[in-house]
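Presented below is the structure to which this report refers.
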Amino acid sequence: MSESALIQGAALGAVRGERVLFRDISVTVQAGDLVLLRGANGSGKTTLLRQLAGLSPPQAGEIERTETHHWVGHSNGLKAHETPRTHLEHWARVWGSEASIPDILREMGLRRPSEVPSGMLSAGQKRRTALARLKLVARKLWLLDEPFNALDRDGQALLVDMIAGHRADGGAIIAALHGTAPIEATREVVL
Amino acid sequence: MSESALIQGAALGAVRGERVLFRDISVTVQAGDLVLLRGANGSGKTTLLRQLAGLSPPQAGEIERTETHHWVGHSNGLKAHETPRTHLEHWARVWGSEASIPDILREMGLRRPSEVPSGMLSAGQKRRTALARLKLVARKLWLLDEPFNALDRDGQALLVDMIAGHRADGGAIIAALHGTAPIEATREVVL
Amino acid sequence: MWTILANPHRFMGFSKVAIPIVIGLGVLLSGWSLYQGLWVVPPVPNQGGDIARAMFIHVPSAWLCMGLYGGLAISSFVWFIWRHELADVAARAIAPIGAGYTALCFATGAIWGEPTWGKAWRNVILYDSRLMSVLVLLFLFIGYMALRAALDTRQKGARAGAILAMVGLINLPIIKFSVDLWKESTIHQPSSVIRFGEAAAESSGIHPVFLVPLMIGFLGQVLLSSGLIMLLMRAEIFGQQADAVLARRLNEA
Amino acid sequence: MTPAPLVTAFRQALSEAWASGAGILLPMGFFTGTAMLVPFTLGDEAETLSKIGPGVLWLALALASLVTLERVFQADLQDGALDLWAQEEASISLIALTKTIAHWLISGAPLILMAPVLGRLLGVPFEEMAPAMLAYGLGGLTFFLWGGVAAALAAGVARAGLLIALIAIPFFVPAIIFGTLSLSEGFDGSAILFLGASTLFALGVAPAAMGAALRLAAE
Amino acid sequence: MTPAPLVTAFRQALSEAWASGAGILLPMGFFTGTAMLVPFTLGDEAETLSKIGPGVLWLALALASLVTLERVFQADLQDGALDLWAQEEASISLIALTKTIAHWLISGAPLILMAPVLGRLLGVPFEEMAPAMLAYGLGGLTFFLWGGVAAALAAGVARAGLLIALIAIPFFVPAIIFGTLSLSEGFDGSAILFLGASTLFALGVAPAAMGAALRLAAE
Ligand code: HEM
Ligand SMILES: Nc1ncnc2c1ncn2[C@@H]1O[C@H](COP(=O)(O)OP(=O)(O)OP(=O)(O)O)[C@@H](O)[C@H]1O
Ligand SMILES: Nc1ncnc2c1ncn2[C@@H]1O[C@H](COP(=O)(O)OP(=O)(O)OP(=O)(O)O)[C@@H](O)[C@H]1O
Ligand SMILES: [Mg+2]
Ligand SMILES: [Mg+2]
């Protein structure tokens, strides 16, 4: 495995039902990379991302990880009774984060709904809460599945900044994305 | 109520918790209109749309409807055990639709996953299935909440065509949307 | 032997030949023992007379249903560790057969109990430790099948089923123990055949007149059930192959 | 209003109930299982079994209605299907009613078939069987209707299992009383009539309540 | 591995259980409700009440474990929380264990406090109360552990109520037997020890099974 690679997937493959979703896909990510997973609906971006995250074992190929990563999938991982604040406090405790939750909430534009149970939050507010987890602890690798979904203009600008900043700090991102990327990517993996 | 208006909301308002989400919003839609609901995350687009759909009573103002409408909200309305085919067949029966399900599935690019239970579908395939309901029966008014979410390029082009076609046939659409609209709107309502 | 059969194709080849033989032999032997049991041997003394002829179905099925759960758990284990597809196919095939024999054991026993255990039997039927352990066994089988039926993909069904079967197996002793503790006094037969070997002299031992056809019948049932299991396995494998072909056509189209 | 929506809702609910696990085998196993657990809880009181046997089946029936209906409306709310129904002219009350009946057919009615066997195991005298089957049928339907109301009321709540039970239990009481009586009285007693009456009452009142609760949940 | 994740998971589960339904009042109401139902199912057999009373509480406890846990893991799967847990170093088995214990504390343990009252209600002799409370405690925990395994196995299934019950029933048997026996034997009997042993066994085995099942569900 090449030095400095944060994660390396070689000749990955996935089968669903009797159908081969993708085969022989290789992904290598160095510090500062932004790798975009492209492909039509149902082409297997989420599946690949979950393999890279270690959520489902690849049906073919090898994955080598050097770092723990952050995960923001299609579903935000909020429990119905959690508010944005309690959700962040929860994971801050799990990850032993020192970060100031109020600051993060402000930065993510969640100050106002910070006490609203996630069941009543708007789609974009839920998404912002999930993305706010990225700020709790510094992890080199981010795995994001259509992170811009449901975000408004400010939200998208915010996320673009977060991504740029993360790359500048020597972090890397693998993201599944549709449409025109609002940010320059290092490489695209097409499924 | 002005002639030819498909739906008319006057001086609508909504309160959530202690907070006034929006007040004094008026929406009138004629045949051929595409009205976009704009606003930041949590500004109340979904809330307004649900009021117009009659799902929740407006806390202020009046709504007059002349037509039944189609609804595609944030959640797709698929049951876990349904496949795209059974879902469409189900609503076709409810609405007494004559349309050919196989054709619709093909047009929506759902031929291949047509037999996959929705629990295993990809995000975009679920969205496409929900949008496919619009083709079952002709209804003048469509209410769509961020319809482009999770769609790939083809999917978005497909939806743009559907919307254009619907307007050409004298239909109208009210849609909540973020970012740059891929299609020219008649009017924008900003919350 | 297993390593040879491990490969599905070899299994298909083997079973194609084996099934008719095994089933035929099984039917023959169990048929003979039934004939012996129902017409030839004298009525069992102090066991309800003629009704006790139920023994020739009851006892073999009783032994078999225990053995079959073992088989289910073992093949689940093999699949879980070595991901041996055939083992999963086997587990899947064993479940219904095992459930069937468990039900058969219970049914024949119940019929047998009616006259033998007398009027009180109605309340007794659920008040006997051994009867209860059979019921519990039945539930382990049914639960396994229900779980597999509920999960959407074969892979998931296989793994979930395997976990359940293994957890069930390690619980079995405790369940059995608790049930025995619950009613240390069972009105049911002590297992006299098991004892038969060393305690042949004892009067409680079953007389060879019954024992021989009983054992032959047991052997026959073993053959019969294994034949049926292989049959189901073949059906399963065929089904999977058919799915594969169909799907390939779909994808090419 | 055309019956089409109801028929279709009924079909969907049937396939839903069926899909989520092994169809009719499941409730049958459930009832047998509950019946099987009872003797253990009695210790040495063998002779009491036949006395309480029928009553235990009533409890099993009540449980079945609760565990079955818990998720039905909650799922409709979460996956957005409720929004779709709420916008039909077809009254949501009737939809809810058809769904409830469908789920009763799959998860409650099997007890009618099981009654003879289970009754035998639990030592219910044979002559009581026919009235018992009728009683379990009517009673079960009543349970499911009230259970449905409770489930609809709790649809918005995150994990409503116990809550539903709590709401529903008081409504179960009449059905249980009349049901138990009609088992002992048989057909010639009046209890079976009262049971039928309580079922009709539930049929009349529950749908409206479910509808209202669901509209509320959809808001 | 630091204990932080477990402690936090425990807190979260507690607040989850608490939030979704009136906290501890709910289970208390539930147990009281079930206890109330029993006399009705007995018709005129009033004198048998004290015999079956404790047993019925066992069934109520079993049911509570099932309806509570059904949603827990299914919700984790649907809202994506399971994905997050599955990527922690903290073993998912231990997480599942902590969650189960937390839910038992809220939905099962209250029966320990209720036992004296309900026991009185159901005519359980007073001197049996102390062992009863211990037994309901241990037995309830065992139910929740095995119920958790069943719920985890069925987490992917849409509406799994009955399925979970069916899977769990055989595993409930030992706890029910030992529990009932220890009620009659009191402290001097060996049953209470066996009950404790079976609880320990469940504590040892169930978490691994839950973990494996949840990993499977997350895939
Ligand atoms: C529902 C009712 C019954 C069930 C579930 C049942 C279950 C079993 C089981 C599990 C065994 C094998 C145990 C062993 O061999 O150690 C067995 C064996 C046997 N059962 Fe039953 N039984 C039932 C009723 C009866 C009745 C009513 C009789 C006769 C009075 C009977 C007579 C026997 C005999 C003679 C054996 C063979 C014992 C031996 O030699 O091992 N069973 N039964
Ligand atoms: N049991 C199954 N049988 C057949 N196909 C299946 C099965 N389970 C999943 N699939 C298919 O696997 C694919 C999953 O793809 P995935 O969710 O990774 O797509 P994606 O690239 O993330 O799409 P999207 O852009 O819509 O999110 C889908 O096409 C789905 O139809
Ligand atoms: N109980 C409550 N207390 C306070 N605020 C609430 C409560 N319930 C809902 N809200 C707020 O109401 C708003 C609902 O907005 P809505 O979902 O309509 O937003 P939206 O415009 O659709 O946003 P998005 O673009 O993210 O979908 C959110 O800001 C939410 O925080
Ligand atoms: Mg995806
Ligand atoms: Mg919205």
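Protein chains get the first letters and strands the later ones, always in sequence-line order, with residue 1 at the start of each. All heavy atoms count here, side chains included; hydrogens, waters and symmetry mates do not.
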Is the number of heavy atoms from other residues, nucleotides or ligands within 6.0 Å of CZ (D:Phe194) greater than 12? no
Hey, could you give me the CZ/CG distance between D:Phe40 and E:Leu181, rounded to the nearest 0.5 Å? 10.5 Å
One option among E:Leu162, E:Leu166, E:Leu59 has the most heavy-atom pairs under 4.5 Å with chain D, and it is E:Leu162
So, using salt bridge (charged side-chain N to carboxylate O under 4.0 Å, His left out) as the criterion, who are the partners of E:Glu219 when residues are at least two apart? C:Arg159
Residue-level contacts of residues 167-177 of chain E with chain D, using a heavy-atom cutoff under 4.5 Å: E:Ile169, E:Val173, E:Ile176, E:Ile177
